[in-house]
Amino acid sequence: MNKSFSATTRMVFCGLAIALNIALGIVTTALKFPFYLDVMGTIFIAILFGPWYGATVGGITNLLTSIFSGSLSGIPFMLVSIAIGLIVGFAFRKINFTFLNAIFIGIIISIVAPLIGTPIGIAVYGGLTGTVSDIAVMFLKQSGTSIFTASFIPKLFNNLLDKIGSMILVYLLITALPPNLKTKKNM
């Protein structure tokens, strides 16, 4: 974590990250993409300021998205975003922020996110997401798999694309930052 940032600067960065998460979530939902991109701000903040900031940005993003959409059914998914902020933040306290480590952590959060989100999605939406991946869910369910497996497998593939892609985009963003915004860990 870069301790040279003032509290005001941190709050501004966190606010911008929340806005980015919400905007990307709205766009990908409106376009019915099978991926989300709604944790890029969470990942960025977790790397820049640490796990607690990342978890806070992730949690607030889900809370505000649910309030703005008028559907509070999205609030339980804040557990996924909080977990991502914590995992990314703690990981990059221990390991250097390199391209390969970004991909490795992207794989980890690609697995953790649907492990947490699938049971929530089943409880809230019956396992469907309203995207093209619902075809796979319905096919797997009709093939005799459990609702968890039918819902988890498409989410796993979606998350591999989404989280690894998000980690790579954040890696490129952080490497392009001016030196005064970087720490030794994220150079």
Side-chain angles (χ1 to χ4, degrees), residues 1-29 33 35-69 72 74-117 120 159-187:
M1 175 174 41
N2 191 335
K3 296 184 190 235
S4 63
F5 289 106
S6 71
T8 302
T9 302
R10 288 175 197 240
M11 287 177 55
V12 168
F13 269 87
C14 289
L16 290 171
I18 292 166
L20 176 68
N21 286 345
I22 292 170
L24 289 173
I26 290 170
V27 168
T28 57
T29 299
F33 286 160
F35 51 88
Y36 320 104
L37 299 179
D38 60 351
V39 294
M40 283 185 51
T42 302
I43 291 168
F44 178 80
I45 293 298
I47 293 166
L48 200 61
F49 299 139
W52 303 114
Y53 284 92
T56 302
V57 165
I60 291 173
T61 296
N62 281 87
L63 182 63
L64 291 177
T65 300
S66 293
I67 291 169
F68 294 153
S69 72
L72 301 182
I75 290 176
F77 291 98
M78 74 187 336
L79 296 174
V80 176
S81 298
I82 290 169
I84 290 169
L86 291 173
I87 291 167
V88 171
F90 281 122
F92 289 113
R93 277 188 172 177
K94 299 291 181 189
I95 61 175
N96 288 327
F97 187 61
T98 65
F99 184 76
L100 289 178
N101 286 341
I103 291 173
F104 176 68
I105 298 304
I107 292 168
I108 290 173
I109 61 176
S110 295
I111 296 166
V112 171
L115 281 174
I116 297 169
I120 297 169
N159 273 277
L160 284 167
L161 175 67
D162 177 54
K163 303 306 185 276
I164 294 170
S166 292
M167 287 297 299
I168 290 170
L169 290 171
V170 171
Y171 173 82
L172 295 172
L173 175 63
I174 288 180
T175 56
L177 287 175
N180 63 323
L181 296 178
K182 297 180 186 179
T183 66
K184 291 177 187 171
K185 280 274 190 201
N186 62 23
M187 292 186 146

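Positions are given from 1, in the same order as the sequence printed here. Just the heavy atoms: all of them, side chains too, but no hydrogens, waters or symmetry mates, feed the values below.
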Would you say the side chain of [Y] lies within less than 4.5 Å of the side chain of [X], judging by non-hydrogen atoms?
X: I75; Y: L63; answer: yes
X: V39; Y: V88; answer: no
X: L177; Y: F44; answer: yes

Grab the two heavy atoms, one from [X] and one from [Y], that are nearest each other, plus how far apart they are.
X: L24; Y: M40; result: CD1-SD, 4.0 Å
X: N159; Y: A113; result: OD1-CB, 3.5 Å
X: G85; Y: A46; result: O-CB, 3.4 Å
X: G54; Y: T42; result: O-CG2, 3.2 Å

Quick check for you: to the nearest 0.5 Å, what is the distance between [X] atom [atom1] and [Y] atom [atom2]?
X: L37; Y: D162; atom1: CG; atom2: CG; result: 5.0 Å
X: K163; Y: I111; atom1: NZ; atom2: CD1; result: 12.0 Å
X: T65; Y: N21; atom1: OG1; atom2: CG; result: 7.5 Å
X: L48; Y: C14; atom1: CG; atom2: SG; result: 9.0 Å

Is it the case that the side chain of S81 and the backbone of M78 share a donor-acceptor pair, with hydrogens and angles ignored and the cut-off at 3.5 Å?
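It does not hold such a pair.
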Is there a donor in the side chain of D38 and an acceptor in the side chain of T28, or the other way round, less than 3.5 Å apart?
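Note: D38 and T28 side chains miss the donor-acceptor criterion.
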Residue among I84, I105, L160, L115 satisfying side chain to side chain contact (heavy atoms under 4.5 Å, CB included) with S110:
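Option passing the side chain to side chain contact (heavy atoms under 4.5 Å, CB included) with S110: L160.
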Under the ring pair (Phe, Tyr, Trp, His ring centres under 6.0 Å) test, residues paired with F99 that sit two or more places apart
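Y171.
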